[in-house]
Structures are given as C-alpha cells and as structure tokens.
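For reference, the structure is listed below as structure tokens.
Numbers restart at 1 for each chain; the letters A, B, ... are given by sequence-line order, proteins then strands. Note that the structure is predicted; figures quoted are calculated from it, not measured.
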There are 2 protein chains.
Amino acid sequence: MPTPHYGQPRYRAIADKLREQIESGAIPPGALLPAESLLTADFRAARGTIRKAIAVLREEGFATTEHGRGTYASPQTKNPPNETDARQRVMPADARLAALFRVEVGTTLIEQEKVIRQGEQVKAVVRTYHVDDTGQ
Amino acid sequence: MPTPHYGQPRYRAIADKLREQIESGAIPPGALLPAESLLTADFRAARGTIRKAIAVLREEGFATTEHGRGTYASPQTKNPPNETDARQRVMPADARLAALFRVEVGTTLIEQEKVIRQGEQVKAVVRTYHVDDTGQ
DNA sequence: AGAAATTTGTCCGTATGTATC
DNA sequence: AGATACATACGGACAAATTTC
C-alpha cells in the first residue's frame, strides 16, 4: 500500500509515538533510540519515513543524532515550542529599497526573514527582499 | 502555498540561487552543497524540484554529484563575478530585532546589506543583522 | 592493528495523490 | 488537458563514522 496520507502523515504519527516514549521515560534521557533499521521493522515504514520522524524530534529538541553512533534521547525539554524560525510578509518599499529595485515608493515587496540560531542564541537575522511577481 | 510558477519554473529559480552561491564563492569549489533534504527545507521545495535544479547545475558544469556522497561545487567559473554591492552600517535594534536577539531596544546592531543583481535588474536585497561583538 | 558489523548520511529512481496555472 | 509543483512514501545502493571482534 504505497502512500495515502489521510489526516496525519505517517512520519508524524511515528514521531508522536517516539516522543511519547521519551517523555514517559520509556527511553531515558541520554539513552539511544533503536536504530533506524529496527524502527523500520517496528513501524513497518521505509527508512526515509523513519528518518523524517526522527528529524521532527530533533527539531523539537527531543533527540540528537550522531553519525555512526545513533540517536540519543535528549534530557529535559522545557523548550518553548517553536519561536518562529522563518516568516514571510509583504511590506511597502521604503525609499532605499524602492531606489534599489527601481520601483515606486510604496510598491509591495516580499520580505523573508530567517533567524539563525546556534543553540539557544540567535546568531543572526537575515532579511531578503524581492519584488512581488505574483500579480503578473 | 502551493505552486505558482510565474515566469520561470521553480527549479530554475532554485538553480539560479545555487549557481550564484557557487559563483560567488559562498560555496567554495570542491565543497559539498547542502544535502537534498536540507535544500528542500531551505527552499521549501519538494525533493523532485530540488533534484531538477541540481540537474541543471550538473548540465551546466557547476556541480558534480556522487552517489551516497553528495553534490560538489565545481571549480571553474570564469564568469564575471556576480555584480553585488555590499555595505555595512550600525543601527539601533527595533522592537522585533531586540526581541529576537534578546537585547534591549536601541542596542546597536550591525546591518550588512547585499544587493544581488542579474544584469541590470536587482533580483534581491539581503540584509543580515547581528549583534556587535567587537567589544567582547 | 585490522577487518567486519553497525549505524547514520546521502543520493537514486519511482510512485501516488493533490493543487494550481 | 498538460506542465509544474507540492507532500508523502517506498525500496535500494553507496559513503562515512563508530563500535565490536
């Protein structure tokens, strides 16, 4: 049965179950999760699907992975769920941007903002501006 | 946001950006490009689209791919180096930036601005903000 | 010291279902 | 209808880091 994804995708469902095991202590902090090969058997999912589930846990801070070693359950996660890493908005061109893009002041531009973190700390904020093509 | 392809197909736009990074030296010759999985995240594109973009670069000679290894940036590039203007200035943190960096409003930040041109046209303006560490 | 096994990382090709232009 | 693109999922193969024998 290849690939219906009604409701929730499989990798999310799998992530949920693994997260449960970590939060409940069934997989104690610092312990290794079962290898991907085992998880593919347990969940009868392709390796890619398993890896995607684990990627979710990493992003949420529930696990860390080391090449050749395995994936460890993270200790304590009191992390506030996602402080937006990236966002996009439209904004009118100010004088400088208007000059650069050679459009009139007030023309709608798209601003993408990306927050670059290193651990807890914000290292940089990158904002990319470009003209809105979506009206052509 | 599912799938407009105005003007240029998405995979071409992505190829453009990656080519830019190779030509500009942001990805040095011989270095590995980010993995397909990362690029899907970076560009918020489907894997198939990313792979198409990379295929374009391969055909153009900007990259070579090795199975199980990754995609390398090719040396070469006698092309005229991208016309990009850059400038730097200091500015006080506004409310949003202050919140992101967890500093007080008004704290001096460094803003780097890069103008990315393609021929005559300005394609994008990138502004990078970071805290001024030079006093640490 | 060295070979083998284990495990993660990455790419390859393919497939299904949905949505938009 | 067709092209483009997204999200999801499968299975396979090769590469690289680590552990085990």
Side-chain angles (χ1 to χ4, degrees), chain A residues 1-18 21-22 27 30-74 85-86 88 110 112 132-136, chain B residues 1-18 21-22 27 30-59 62-74:
Chain A
M1 221 72 93
T3 323
H5 51 279
Y6 308 110
Q8 193 180 226
R10 291 207 65 200
Y11 72 90
R12 293 224 172 257
I14 292 172
D16 288 347
K17 281 184 184 143
L18 290 175
Q21 292 182 47
I22 293 173
I27 302 176
L32 281 172
L33 270 66
E36 291 172 359
S37 55
L38 277 181
L39 293 175
T40 58
D42 288 353
F43 290 105
R44 282 189 202 132
R47 198 183 153 210
T49 307
I50 297 295
R51 285 177 60 75
K52 223 169 176 191
I54 292 176
V56 169
L57 298 183
R58 268 198 304 269
E59 279 169 24
E60 294 173 344
F62 285 101
T64 61
T65 300
E66 289 178 39
H67 189 172
R69 268 231 185 71
T71 297
Y72 295 90
S74 294
D85 281 323
Q88 179 169 331
I110 294 178
Q112 291 172 333
D132 180 12
D133 296 68
T134 63
Q136 240 64 325
Chain B
M1 236 108 82
T3 327
H5 55 280
Y6 307 102
Q8 191 177 226
R10 192 111 150 76
Y11 72 91
R12 294 234 169 245
I14 292 173
D16 288 347
K17 285 190 180 137
L18 290 174
Q21 292 184 47
I22 293 172
I27 300 176
L32 281 171
L33 270 64
E36 291 173 357
S37 55
L38 277 182
L39 293 175
T40 57
D42 288 352
F43 289 106
R44 297 206 186 120
R47 192 183 152 220
T49 308
I50 297 294
R51 285 175 60 73
K52 254 184 183 173
I54 291 176
V56 169
L57 297 183
R58 266 198 305 269
E59 279 167 25
F62 285 100
T64 59
T65 300
E66 288 180 38
H67 189 172
R69 241 286 221 336
T71 297
Y72 294 91
S74 297

Inset, instruction - Name the residue closer to the 5' end of DNA chain D, choosing between A:Y72 and A:R44 according to the nucleotide with the nearest heavy atom. - result: A:R44
Legend entry - Interatomic distance where CD belongs to B:E66 and P belongs to D:dA15 [whole Å]: 8 Å
Inset, instruction - Please list residues of residues 45-58 of chain B whose heavy atoms come under 4.0 Å from any atom in DNA chain D, ordered by number; otherwise none. - result: B:A45, B:A46, B:T49
Legend entry - Distance in angstrom units between B:L32 CG and C:dG9 C1', rounded: 11 Å
Legend entry - A:H67 side chain, from C-beta outward: closest of C:dT8, C:dC11, D:dA9: C:dT8
Legend entry - Atom-to-atom span, CG of B:L33 to C1' of C:dT10 - whole angstrom: 13 Å
Inset, instruction - Figure out the OH/C1' separation between A:Y11 and D:dT8, and round it to whole Å. - result: 8 Å
Legend entry - A:L33 vs A:Y72 side-chain heavy atoms within contact, under 4.5 Å: no
Inset, instruction - Check whether any side-chain heavy atom of A:V56 lies under 4.5 Å from a side-chain heavy atom of A:E60, and answer yes or no. - result: yes
Inset, instruction - Using whole Å, report how far CZ of B:F43 lies from P of D:dA7. - result: 14 Å
Inset, instruction - Grab the CG-P distance between A:L39 and C:dG9 for me, whole Å please. - result: 13 Å
Inset, instruction - Kindly indicate whether the side chain of A:I54, heavy atoms from C-beta on, has any atom under 4.5 Å from the side chain of A:E36. - result: yes
Inset, instruction - Could you pull out the closest heavy-atom pair between A:A53 and A:Y11, with the gap in Å? - result: CB-O, 3.2 Å
Inset, instruction - Using only side-chain N and O atoms of A:R69, determine if any of them is under 4.0 Å from OP1 or OP2 of D:dT19. - result: yes
Legend entry - Least distance between heavy atoms, A:S74 atom then A:I22 atom: O-CG2, 4.4 Å
Legend entry - Along DNA chain D (nearest heavy atom to each residue), the more 5'-positioned of B:G68 and A:R12: A:R12
Inset, instruction - List for me each residue that meets side chain to side chain donor-acceptor pair (under 3.5 Å) alongside A:T71, sequence neighbours excluded, and say none if there are none. - result: A:T65
Legend entry - Nearest-neighbour nucleotide for the B:T65 side chain, C:dC11, D:dA16, C:dT7 considered: C:dC11
Legend entry - Heavy-atom side-chain contact between B:L18 and B:L39 under 4.5 Å: yes
Legend entry - Separation of C:dT10 C1' from A:E36 CD (nearest whole Å): 11 Å
